[in-house]
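Beneath this line is the structure, given in structure tokens, with notes to follow.
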Amino acid sequence: MKNIVIFGAPGSGKGTQSDLLVAKYGFKHISTGDVLRAEIKNETELGATAKSFIDKGQLIPDSLMIDILASTYDAMLPCEGVIFDGFPRTIPQAEALKEMLAKRNTGVTAMLELEVEDTVLIERLVNRGKTSGRADDNEETIKARLDVYHKQTAPLAEWYEKEGLRNTVKGTGALEEISAALCAVIDAK
């Protein structure tokens with residue numbers, strides 16, 4: 001079983017590339033964004049709490065995310081592998097994920113990092129907001145999300161580097177080229 005962390009700024013293509021990897025390998029996909037949006041849509045207590053953070057472009061508290069993640073992960077087993085999309089976003093979350101997987105006698109196989117310049121990210125997210133209707137895809141919130149990403153999430157790349165799991169792929173260009181580069185990493189693991 002392969003546990004893949006797909007990593008990158010908001011709008012870097014994590015969801016799109018995760019869908020392609022799911023189709024190719026039969027992996028399960030945990031998108032914390034999708035899980036949280038479902039909770040918000042269903043007007044659960046968790047959804048209301050999550051919405052208060054998301055609307056400000058802030059990260060969800062770690063303890064809340066770990067509980068959601070463990071439950072979602074366990075419900076997917078057994079499977080070929082799991083792609084973690086949007087989690088972890090901080091070093092404490094990465095450490096918690098490592099611990100959670102170790103309790104299940106497994107670990108992260110690889111961290112796949114999609115590198116995309118901020119100007120491209122802003123353009124992508126503004127365009128997505130126009131078509132998806134997502135309230136958090138407006139320029140002001142996008143800039144706040146990118147600021148949070150650079151301050152709180154980007155240092156995680158160095159943590160995965162030290163763990164020997166970081167694999168960086170250029171996240172611009174043809175979808176097929178990006179996907180092929182990601183698959184080459186997975187196939188080598």
Side-chain angles (χ1 to χ4, degrees), residues 4-25 27-62 64-65 68-69 72 76 82-90 93 111-157 167-183 185-186:
I4 307 294
V5 171
I6 193 157
F7 186 84
S12 61
K14 298 181 299 291
T16 300
Q17 290 301 327
S18 292
D19 291 345
L20 295 171
L21 295 173
V22 165
K24 178 175 173 106
Y25 295 101
F27 293 158
K28 300 292 183 181
H29 178 214
I30 298 176
S31 165
T32 52
D34 290 347
V35 170
L36 291 170
R37 280 188 286 278
E39 294 287 334
I40 292 167
K41 183 179 178 185
N42 294 330
E43 298 180 350
T44 66
E45 184 178 336
L46 168 63
T49 304
K51 186 175 185 335
S52 70
F53 288 93
I54 292 169
D55 286 349
K56 296 174 194 160
Q58 297 175 341
L59 297 181
I60 306 300
D62 291 351
L64 194 57
M65 285 310 310
I68 295 167
L69 187 73
T72 304
M76 294 179 164
V82 174
I83 298 171
F84 295 92
D85 171 2
F87 189 93
R89 291 187 180 197
T90 63
Q93 286 181 356
M111 182 274 264
L112 306 176
E113 179 180 18
L114 293 168
E115 272 191 339
V116 182
E117 292 179 18
D118 280 5
T119 54
V120 175
L121 295 170
I122 292 168
E123 182 181 329
R124 284 181 181 179
L125 291 169
V126 167
N127 288 335
R128 182 175 78 182
K130 291 175 185 172
T131 58
S132 72
R134 277 183 50 177
D136 61 336
D137 282 344
N138 64 72
E139 195 161 344
E140 184 180 327
T141 305
I142 292 165
K143 287 180 178 176
R145 290 165 61 201
L146 290 175
D147 187 52
V148 168
Y149 172 79
H150 289 302
K151 289 179 180 170
Q152 296 181 25
T153 307
L156 184 56
N167 300 273
T168 303
V169 172
K170 184 179 173 193
T172 54
L175 285 181
E176 299 79 20
E177 291 171 6
I178 300 166
S179 182
L182 295 174
C183 291
V185 173
I186 292 169

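Treat the numbers as computed from the prediction; the structure is a model and nothing was measured.
Under a 3.5 Å cut-off, the side chain of T153 and the backbone N or O of R89 do form a donor-acceptor pair. No donor-acceptor distance shorter than 3.5 angstrom exists from the side chain of N42 to the backbone of T44, with no hydrogens or angles considered. A donor-acceptor pair under 3.5 Å links the side-chain atoms of S18 to the main chain of K14, judged by distance alone. Under the 3.5 Å distance criterion, the side-chain polar atoms of N127 are matched with a main-chain donor or acceptor of E123. S12 places a side-chain N or O within 3.5 Å of a backbone atom of A9 that can act as its donor or acceptor partner.
Listed here is the closest heavy atom pair of V5 and P88: CG1-CD, 3.7 Å. Listed here is the closest heavy atom pair of I6 and I83: CG2-CG2, 3.8 Å. In terms of heavy-atom proximity, C183 sits nearest to K24 at SG-CD, 3.4 Å. When every heavy atom of L36 is checked against every heavy atom of A50, the shortest pair comes out as CD2-CB, 3.8 Å. The nearest pair of heavy atoms linking A181 to V169 is CB-CG1, 3.6 Å. Between Q93 and D62, the shortest heavy-atom contact is NE2-OD1, 2.7 Å.
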(request) Could you walk me through whether D118 and H150 pass side chain to side chain contact (heavy atoms under 4.5 Å, CB included), step by step? (result) CA-CA 10 Å; D118 280 5; H150 289 302; 2.9 Å; yes
(request) Kindly determine whether L182 and L20 satisfy side chain to side chain contact (heavy atoms under 4.5 Å, CB included), including the steps that lead there. (result) CA-CA 10 Å; L182 295 174; L20 295 171; over 6 Å; no
(message) Set out, in order, the CA-CA distance, both residues' side-chain angles and the distance that settles side chain to side chain contact (heavy atoms under 4.5 Å, CB included) for I4 and V185, then state yes or no.
(response) CA-CA 10 Å; I4 307 294; V185 173; over 6 Å; no
(request) Starting from the C-alpha separation in whole Å, work towards a yes-or-no answer on side chain to side chain contact (heavy atoms under 4.5 Å, CB included) for T32 and T72. (result) CA-CA 10 Å; T32 52; T72 304; over 6 Å; no
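For the atom pair OG1 (T172) and CD (E115), the distance works out to 9.5 Å, reported to the nearest 0.5 Å. One distance of note links CG of L114 with CZ of F7; it measures 10.0 Å at 0.5 Å rounding. With values rounded to the nearest 0.5 angstrom, K56 atom NZ is found 11.0 Å from K51 atom NZ. How far CZ of R145 is from CG of N138: 9.0 Å, rounded to the nearest 0.5 Å. Distance CD1/I178 to CD/E176: 9.0 Å, rounded to 0.5 Å.
Contact check for L69 versus M65: no side-chain heavy atoms found under the 4.5 Å cut-off. Contact annotation: the side chain of F87 never approaches that of I30 to less than 4.5 Å [non-hydrogen atoms, C-beta and beyond]. Residues I186 and F27 form a side-chain contact, since some pair of their non-hydrogen atoms from C-beta on lies under 4.5 Å apart. A heavy-atom distance below 4.5 Å is not found between the side chains of D85 and D34. Taking the side chain as every heavy atom from C-beta outward, P10 and I142 never approach each other to under 4.5 Å. Between T141 and L125 the shortest side-chain heavy-atom distance does not fall below 4.5 Å.
Counting only N and O atoms by type, the side chains of T168 and E113 include a donor and acceptor under 3.5 Å apart.
Around CZ of R124, the count of heavy atoms belonging to other residues, nucleotides or ligands within 6.0 Å exceeds 12. Atom CD of E117 is surrounded by 12 or fewer heavy atoms from other residues, nucleotides or ligands within 6.0 Å.
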